[in-house]
Amino acid sequence: MSDFSNKLIEWYELNKRDLPWRNTKDPYKIWLSEIILQQTRVQQGLPYYLAFEEAFPTIQNFANATEEEVLRLWQGLGYYSRARNMHFTAKHISENLSSEFPTNFKDLLKLKGVGNYTAAAIASFAFGEKVATVDGNVYRVLSRIFGIDSPINSTNGIKEFAEVANTLISDTQPDTFNQALMEFGAIHCTPKSPNCLHCPFVQECEARKQNRVGELPVKLKKTKVTDRYFHYLVIEENEKYWIKERKGKGIWQGLYDFPLLESDHKELNLENIDQLTEDLELKTFLQENAPSQISEMYKHILSHQRLHIHFYHYKVDIEKSVSLFSEKDEYSLMDLDNIEKQPKPIIIHNYLNTYFY
DNA sequence: AACACGTGGAA
DNA sequence: TTTCCAAGTGT
């Protein structure tokens with residue numbers, strides 16, 4: 001066993017956090033926790049893990065749920081494809097694999113939503129397979145201690161870090177080694193202000209020796225953020241509201257929001273209705289009705305988009321709106337109790353909470 | 001290979 | 001305010 005592995009595990013046993021998914025070898029629970037924790041901090045994911053564990057104690061329970069139920073529980077966590085892929089995979093395992101998880105890295109990798117990291121996590125934590133989990137923490141720790149400056153999001157870098165991690169991994173405790181390396185990155189060798197003074201690797205750390213702690217790991221710059229201008233139509237009719245299911249590609253797939261107009265600029269220019277929508281009924285509606293209220297602008301920041309959002313309130317007679325969207329199956333008229341039960345983008349959820357509940 | 005895909009917390 | 005980025009995956 002390597003000196004590195006011994007020191008790392010020694011540190012881990014002294015400093016590890018007590019997290020619920022660390023007390024089980026159930027691949028279902030480990031899968032659940034790992035998907036939730038993708039690109040997500042423990043503090044943010046923990047309540048969701050507990051809620052899912054309670055709602056769906058077994059993978060059959062998960063498989064028997066509707067996608068809407070799953071998305072509603074997931075509401076607010078972001079990256080909703082994780083929830084949709086989990087539901088797909090739960091049904092797949094329930095129906096085609098006799099509700100038994102695959103028991104090795106190679107087969108786990110075939111599951112939808114399970115990539116290299118998650119397959120390694122389940123394989124090592126649940127089944128003791130010797131395969132390294134290489135996540136953002138691992139990139140950071142290895143790049144610093146061993147002075148590796150290959151970009152962590154380049155093809156070569158990804159390959160190189162995986163090789164290093166799989167060289168270092170403990171023969172006898174691969175699961176503990178993986179947990180330890182990630183935990184060390186998460187709470188000690190942090191992105192900013194790492195605790196170098198009390199670091200067990202302070203002597204041999206290349207980044208420390210070369211005074212490059214702040215430069216490592218190297219990451220190629222990400223794509224730039226685009227601005228979008230959303231105008232939500234909050235159309236009330238007899239204490240019900242028109243709600244729209246988001247279908248197809250793009251953000252918030254499978255979630256519910258309001259009928260939406262999108263413009264190239266901040267203002268919604270009612271003289272350019274033709275440019276806002278193809279929908280004839282909606283055009284007519286906009287021409288014949290004026291909003292009773294227009295909200296302030298909300299800025300909602302996604303990883304790759306800046307959304308500038310206004311809400312336009314309309315209160316209409318039944319006769320006027322009865323056929324407005326009734327022939328389109330992605331639209332439905334719902335009361336507030338029903339709307340509350342639907343999965344929604346967090347900005348919509350917060351808006352409703354502020355003005356309607 | 002490069003980009004899409006959420007949200008919230010920290011500095 | 002801005003920027004980074006957190007237990008990544010799919011296409």
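Computed from a predicted model, the values in this text were never measured in an experiment.
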Undergrad: Measuring only the P atom in each nucleotide, how far is C:dT11 from B:dG6? A whole number of Å is fine.
TA: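 Straight-line distance between the two P atoms is 14 Å.
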Undergrad: Decide if the gap between the ring center of A:Tyr241 and the ring center of A:Phe356 is smaller than 6.0 angstrom.
TA: yes
Undergrad: May I ask you to evaluate whether A:Tyr80 reaches the phosphate of B:dT7, defined as a side-chain N or O under 4.0 Å from OP1 or OP2?
TA: yes
Undergrad: Would you say the side-chain atoms of A:Arg144 pair up with the backbone N or O of A:Ala207, donor to acceptor, closer than 3.5 Å?
TA: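 Not confirmed, A:Arg144 side chain does not pair with A:Ala207 backbone.
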Undergrad: With DNA chain B as reference, determine whether A:Gln43 or A:Ser81 sits nearer its 5' end, using the nearest nucleotide of each.
TA: A:Ser81
Undergrad: With a non-hydrogen cut-off below 4.0 angstrom, is A:Leu302 in contact with a base, only sugar-phosphate, or nothing?
TA: base
Undergrad: Using the side-chain heavy atoms of A:Asn85, tell me which of these nucleotides is nearest: B:dA11, C:dG10, B:dG6.
TA: C:dG10
Undergrad: Using a cut-off of 4.0 Å on non-hydrogen atoms, how would the nucleic acid contact of A:Val114 be classed: base, sugar-phosphate, or nothing?
TA: sugar-phosphate
Undergrad: Using 30° and 60° as the class boundaries, would you call the ring planes of A:Tyr351 and A:Phe311 parallel, tilted or perpendicular?
TA: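 Parallel.
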Undergrad: Which nucleotide, C:dC5, C:dA7, B:dT7, lies nearest any side-chain atom of A:Lys219?
TA: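 The closest nucleotide is C:dC5.
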Undergrad: Using a heavy-atom cut-off of 4.0 Å across all strands, would you classify A:Ser154 as base, sugar-phosphate, or nothing?
TA: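 Nothing, no heavy atom under 4.0 Å.
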Undergrad: For C:dA7 and A:Thr133 - does any side-chain N or O of the residue sit under 4.0 Å from the phosphate oxygens OP1/OP2?
TA: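 False: A:Thr133 side-chain N/O out of range (4.0 Å or more) of C:dA7 OP1/OP2.
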Undergrad: Taking any heavy-atom pair under 4.0 Å as a contact, classify A:Leu77: base, sugar-phosphate, or nothing.
TA: base
Undergrad: With sugar-phosphate meaning primed atoms plus P, OP1 and OP2, does A:Gly45 contact a base, only sugar-phosphate, or nothing at under 4.0 Å between heavy atoms?
TA: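 Counting heavy atoms under 4.0 Å across all strands, no contact is made by A:Gly45.
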Undergrad: Mapping A:Arg41 and A:Tyr79 to their closest nucleotides on DNA chain C, which lands nearer the 5' end?
TA: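 Final value for this comparison: A:Arg41.
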Undergrad: Report which part of the nucleic acid A:Leu19 touches: base, sugar-phosphate, or nothing (heavy-atom distance under 4.0 Å, all strands).
TA: base
Undergrad: Using a 4.0 Å heavy-atom cut-off, does A:Gly78 contact any base of the nucleic acid, only the sugar-phosphate backbone, or nothing at all?
TA: base
Undergrad: Separation of A:Leu181 atom CG from C:dA6 atom C1', in whole Å?
TA: 16 Å
Undergrad: Can you measure A:Tyr48 atom OH to C:dA7 atom P for me and round it to whole angstrom units?
TA: 18 Å
Undergrad: Answer yes if the ring centres of A:Phe230 and A:Tyr298 are under 6.0 angstrom apart, and no otherwise.
TA: no
Undergrad: Taking the six-membered ring where the residue is Trp, are the ring centres of A:Trp242 and A:Phe285 under 6.0 Å apart?
TA: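 Aromatic pair excluded; centres sit 6.0 Å or further apart.
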Undergrad: Could you give all pairs that pass the salt bridge (Lys or Arg N to Asp or Glu O under 4.0 Å) test and reach residues 151-170 of chain A, with sequence neighbours left out?
TA: none
Undergrad: Contact class for A:Arg22 vs. all strands (heavy atom < 4.0 Å): base, sugar-phosphate, or nothing?
TA: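 Result for A:Arg22 = base.
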Undergrad: Mind calculating the distance between CG (A:Leu37) and P (B:dG8) to the nearest angstrom?
TA: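 Interatomic distance, CG of A:Leu37 to P of B:dG8: 16 Å.
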Undergrad: Once you apply a heavy-atom cut-off of 4.0 Å, does A:Gly185 come out as touching a base, just sugar-phosphate, or nothing?
TA: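 The residue A:Gly185 makes no contact with any strand.
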Undergrad: What's the spacing between A:Lys244 NZ and A:Phe258 CZ if we round to 0.5 Å?
TA: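 So the gap between those two atoms works out to 13.0 Å.
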Undergrad: When you measure from the side-chain N and O atoms of A:Gln39 to the phosphate of C:dG8, is any distance below 4.0 Å, counting only OP1 and OP2?
TA: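 Answer is yes, contact under 4.0 Å.
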Undergrad: C:dG8 P sits how many Å from A:Trp31 CH2, rounded?
TA: 17 Å
Undergrad: Counting only side-chain nitrogens and oxygens, does A:His304 get under 4.0 Å of the OP1 or OP2 atom of B:dG6?
TA: no
Undergrad: Tell me whether the OP1 or OP2 atom of C:dT9 has a side-chain N or O from A:Thr118 closer than 4.0 Å.
TA: yes
Undergrad: Without decimals, in angstroms, what is the distance between A:Lys112 NZ and B:dC5 P?
TA: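 In whole Å, B:dC5 P and A:Lys112 NZ are 17 Å from each other.
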Undergrad: Please classify the nucleic acid contact of A:Arg228 as base, sugar-phosphate, or nothing, using heavy-atom distances under 4.0 Å.
TA: nothing
Undergrad: C:dG10 phosphate, OP1 or OP2: any side-chain N/O from A:Arg82 under 4.0 angstrom?
TA: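 The answer is no; no side-chain N or O of A:Arg82 sits under 4.0 Å from OP1 or OP2.
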Undergrad: Using a 4.0 Å heavy-atom cut-off, does A:Gln305 contact any base of the nucleic acid, only the sugar-phosphate backbone, or nothing at all?
TA: sugar-phosphate
Undergrad: NA contact type, A:Ile36, heavy-atom cut-off 4.0 Å: base, sugar-phosphate, or nothing?
TA: nothing
Undergrad: For A:Arg140 and C:dC4, give me the distance from atom CZ to atom P, rounded to whole Å.
TA: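 Distance check: A:Arg140 CZ to C:dC4 P gives 15 Å.
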Undergrad: Under 4.0 Å, heavy atoms only, any strand: does A:Trp21 hit a base, just the sugar-phosphate, or nothing?
TA: base
Undergrad: For A:Glu34 and A:Tyr117, test the side chains for any donor-to-acceptor distance below 3.5 angstrom and give the result as yes or no.
TA: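 Note: A:Glu34 and A:Tyr117 side chains meet the donor-acceptor criterion.
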Undergrad: For B:dA4 and A:Trp252 - does any side-chain N or O of the residue sit under 4.0 Å from the phosphate oxygens OP1/OP2?
TA: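 For B:dA4, neither OP1 nor OP2 has a side-chain N or O of A:Trp252 closer than 4.0 Å.
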Undergrad: In terms of the nearest nucleotide of DNA chain C, which residue is placed more toward the 5' end: A:Gln44 or A:Ala119?
TA: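 This one resolves to A:Gln44.
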Undergrad: Given the P atoms of C:dA7 and B:dA4, what is the spacing between them in whole Å?
TA: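 Pairwise P distance, C:dA7 against B:dA4, rounds to 23 Å.
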Undergrad: How long is the line joining CE of A:Met182 and C1' of C:dA7, in whole Å?
TA: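 So the two atoms are 5 Å apart, to the nearest Å.
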Undergrad: Can you tell me which nucleotide in B:dA11, B:dC5, C:dG8 comes closest to the side chain of A:Ile251?
TA: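 That would be B:dC5.
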Undergrad: Over how many whole Å does the gap from A:Lys299 atom NZ to B:dG8 atom C1' extend?
TA: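 Going from A:Lys299 (NZ) to B:dG8 (C1'), I get 16 Å.
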